[in-house]
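Below is one structure; the comments refer to it alone.
One is the number of the first residue; the rest follow in order along the sequence.
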Amino acid sequence: MDKEVDIYTTVQGDMWDSISFKVYEEDKYSKELTRANPKYANIAIFSGGIDLICPDISNIDSSTTPPWR
């Protein structure tokens, strides 16, 4: 069974952190977005109409506590 993939279509002027905030309500997932869209990794400011894959972040540990604690 295929898992549904979330797609975000850019708006003129979008940047990785603003897309992260729009999609995940946090700007800290820019790196995950970039990794999921390597074709566009060198773009800092997007033009409109580019479809980006938005990875599932539910299994990413976003805590700031070191793993040894």
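Closest approach of Val11 to Tyr8, counting heavy atoms only: CG2-OH, 4.0 Å.
To the nearest 0.5 Å, atom CZ of residue Phe46 and atom CE of residue Met15 are 10.5 Å apart. Atom CD1 of Ile7 and atom CD1 of Ile50 lie 13.0 Å apart (nearest 0.5 Å). Here NZ of Lys22 is found 10.5 Å from CG of Asp17. Values are rounded to the nearest 0.5 Å. Atom CG of Asn37 and atom CH2 of Trp16 lie 4.5 Å apart (nearest 0.5 Å).
Judged purely by atom type and a 3.5 angstrom limit, Ser18 has no side-chain atom pairing as donor or acceptor with the backbone of Asp14. One N or O on the side chain of Ser20 and one on the backbone of Glu26 form a donor-acceptor pair closer than 3.5 Å.
Scanning for ring-ring contact (aromatic ring centres under 6.0 Å, His included) contacts around Tyr24 gives Tyr29, with sequence neighbours left out.
Hydrophobic clustering (ILVMFWY, side-chain heavy atoms < 4.5 Å, transitive): Leu52 and Ile57 are in one cluster.
Asp6 is not listed as a side-chain neighbour of Val23, based on a closest heavy-atom distance of 4.5 Å or more. Looking at Tyr40 and Leu33, their side chains never come closer than 4.5 Å, going by heavy atoms from C-beta outward.
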